[in-house]
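Lettering follows sequence order; numbering is per chain, from 1.
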2 protein chains.
Amino acid sequence: MDAVQDEAAGKRARGLDRAFEILDFLRQKRQALKPNEIAAQIGAPRSSVYELVNLLLSNGILEFTGGDGRVYLGRKLYFLGAAYENHFDFTRECEAALEQLADETRETAQFCMLDGNRYTVVRMREGARPFRISTDVGQSVPIPWTASGRLLVAHLSDQEILNFIPPQDFRLPGGEWLDPQTFIAEVRQAEREGLFTFNSIVDSFTHCFAVPVRGEEGHAAATLCLVTPRDDGIANRDRYLDCLRKAAAGLEHAPARPKRG
Amino acid sequence: MDAVQDEAAGKRARGLDRAFEILDFLRQKRQALKPNEIAAQIGAPRSSVYELVNLLLSNGILEFTGGDGRVYLGRKLYFLGAAYENHFDFTRECEAALEQLADETRETAQFCMLDGNRYTVVRMREGARPFRISTDVGQSVPIPWTASGRLLVAHLSDQEILNFIPPQDFRLPGGEWLDPQTFIAEVRQAEREGLFTFNSIVDSFTHCFAVPVRGEEGHAAATLCLVTPRDDGIANRDRYLDCLRKAAAGLEHAPARPKRG
DNA sequence: CATCAATGTCCAATATAATGTACATATGAT
DNA sequence: ATCATATGTACATTATATTGGACATTGATG
């Protein structure tokens, strides 16, 4: 992911950066891996990875699991993540908003945020349809692939957006390239309207709705989304958008509120 | 916490260790702090802390929050923690067990684990009494202060226990010292009986019950506890222990189960 | 005003961390 | 048996990360 800084060949990577590269890689893979596999797949020197993995193991950041010396994210990370969640206590309100959306629309509802320079589904409530439409929670995805992506970068200038999004993320899953200028135009449109909807680029049968959840600084700290079958989405467009806006209003300013104090 | 390795004076700390020391410190404090304050309070060189904090900020591990350049744990940690929780999916069963305990006993019920070489309450359900007895979730506490602590180290040898627990953690909150040999005797007793109960050392009015939740390796991966007023605890001892054992049985082998094979 | 403490930035020195390489072992294919 | 691949360990080299200390700024206090 951050292999961008390979600009100057033969440059050493900093331990901290490599360490978090390893952690992020394990998160993406969602499975325990051997140090050797990690090294090969992230393109890092084996000796460095072994050294870092051992350090992380001794700190409880990684844990042995799955046997054969495989490692995965450790309990310490759970504790740290829980502390974050506790501090910016958005979980309760978030679940309530998703619940409400699911009740009112019977569609799949998602709460999404940026994960660095990519997009991720933080929490999800599946719809009540016989055939559910769902996504992997916690996987990060290129920003341009998603409706929410248009909203989440809207506070940046055009140039900042281009700097922020990795160039290869404009390549869509099918292989075609999305013109960055087209993307930026959609971002500005989303910004003006305070919403974005489209027929999903990542498949051929869903329609996506996204509205911003604004944080203290006034820009989209997160989004609430609905993922629906195309027909239903287009048929219920106005009602669904109303539901989303209502739910988002209930969340505003919640994400940044500290627990006590 | 890990200031133990100050053994050789004038030794440089490794960036990774220092970084996680900072993260852990923020978790303990449960509030945003300025880099300068962090440096002063953990006894690290200011220049090092500034450097590391900036690195962690640029990785999303820390975030500016609270103004005045204060930093706290970042969103990335939440994502990593969520991935851990997802992999070792104990949350659902855990909540169910606590719910059940709360229903049956009306007392405060806790799910506890080791956090490195200390003890921490991972999840809690408050009792239904007019005056609730509760603890801070996520604070780490010396192992010898808790009933659970006797169970969580029972798989170690006597010597390993002494090496594992920081010596100063045998000092009780009142200032008195707990004899390590007494502690070890209690550990062995807890191991034999598969439970530990006592009048809490940290206050004068509670009685604590703890039973192990055994993981795949057969030793206590976690504990379930009840914290009760002393009278009630002693009066209902047998019933409460039955409830705990039943709830723990429902959790066994759950903590280590990966989500998808 | 003078002084002190708190805060952040900058920089050179050197202890050491990241790396490449060699080595050891196991496993499976040819 | 021979070779190739996957995996882990050990170590010397050198690029650099950690650190101490100088410096600048701000705000509070006497």
Handout entry: Phosphate-side-chain proximity, A:Ser48 and C:dT19, N/O vs OP1/OP2 below 4.0 Å
Key =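 It does, given that an N or O in the side chain of A:Ser48 lies less than 4.0 Å from OP1 or OP2 of C:dT19.
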
Problem - Distance test, side-chain N/O of A:Arg14 to OP1/OP2 of C:dT19, below 4.0 Å - result: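 Checking C:dT19 against A:Arg14, no side-chain N or O comes under 4.0 Å of OP1 or OP2.
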
Closest to the [X] side chain: [options]?
| X | options | result |
| --- | --- | --- |
| A:Arg46 | D:dT18, C:dA22, C:dT7 | C:dA22 |
| B:Ser47 | D:dT19, C:dT19, C:dT7 | D:dT19 |
| A:Arg18 | D:dG20, D:dG8, C:dT19 | C:dT19 |
| B:Tyr50 | D:dT7, C:dT9, C:dT19 | C:dT9 |

Handout entry: Full working for salt bridge (Lys or Arg N to Asp or Glu O under 4.0 Å) between B:Arg18 and B:Glu51
Key = CA-CA 11 Å; B:Arg18 209 56 112 193; B:Glu51 160 115 23; over 6 Å; no

Taking [atom1] from [X] and [atom2] from [N], how many angstroms apart are they, rounded to a whole number?
| X | N | atom1 | atom2 | answer |
| --- | --- | --- | --- | --- |
| A:Asn54 | D:dT7 | CG | C1' | 14 Å |
| B:Ile38 | C:dT7 | CD1 | P | 11 Å |
| B:Arg70 | C:dT7 | CZ | P | 9 Å |
| B:Glu51 | C:dG8 | CD | P | 16 Å |
| B:Leu52 | D:dT16 | CG | C1' | 14 Å |
| A:Leu33 | D:dG8 | CG | C1' | 16 Å |
| B:Lys34 | C:dT9 | NZ | C1' | 16 Å |
| B:Leu57 | C:dT9 | CG | P | 11 Å |

Problem - Distance-only donor-acceptor test (3.5 Å): side chain B:Arg12, base C:dT14 - result: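 Check passes, donor-acceptor contact within cut-off.
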
Practice task
Between A:Gly15 and A:Asp68, name the one whose nearest nucleotide on DNA chain D is closer to the 5' end.
Solution key: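 Checking each residue's closest nucleotide, the 5'-ward one belongs to A:Asp68.
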
Exercise for the section: Could you check if a side-chain atom of B:Val153 sits within less than 4.5 angstrom of a side-chain atom of B:Val187, using non-hydrogen atoms only? Expected result: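 With C-beta onward as the side chain, the pair touches.
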
Handout entry: Greater than 12 external heavy atoms within 6.0 Å of B:Arg171's CZ
Key =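 At most 12 heavy atoms, drawn from other residues, nucleotides or ligands, come within 6.0 Å of this atom.
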
Practice task
Give, for atom CZ of B:Arg118 and atom CD1 of B:Ile165, the distance between the pair rounded to the nearest 0.5 Å.
Solution key: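 Interatomic distance, B:Arg118 CZ to B:Ile165 CD1, rounded to 0.5 Å: 11.0 Å.
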
Practice task
Anything under 30° is parallel, anything over 60° is perpendicular, the rest tilted; go ahead and classify A:Tyr78 against B:Tyr84.
Solution key: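 Rings of A:Tyr78 and B:Tyr84: tilted, as their planes differ by 30° to 60°.
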
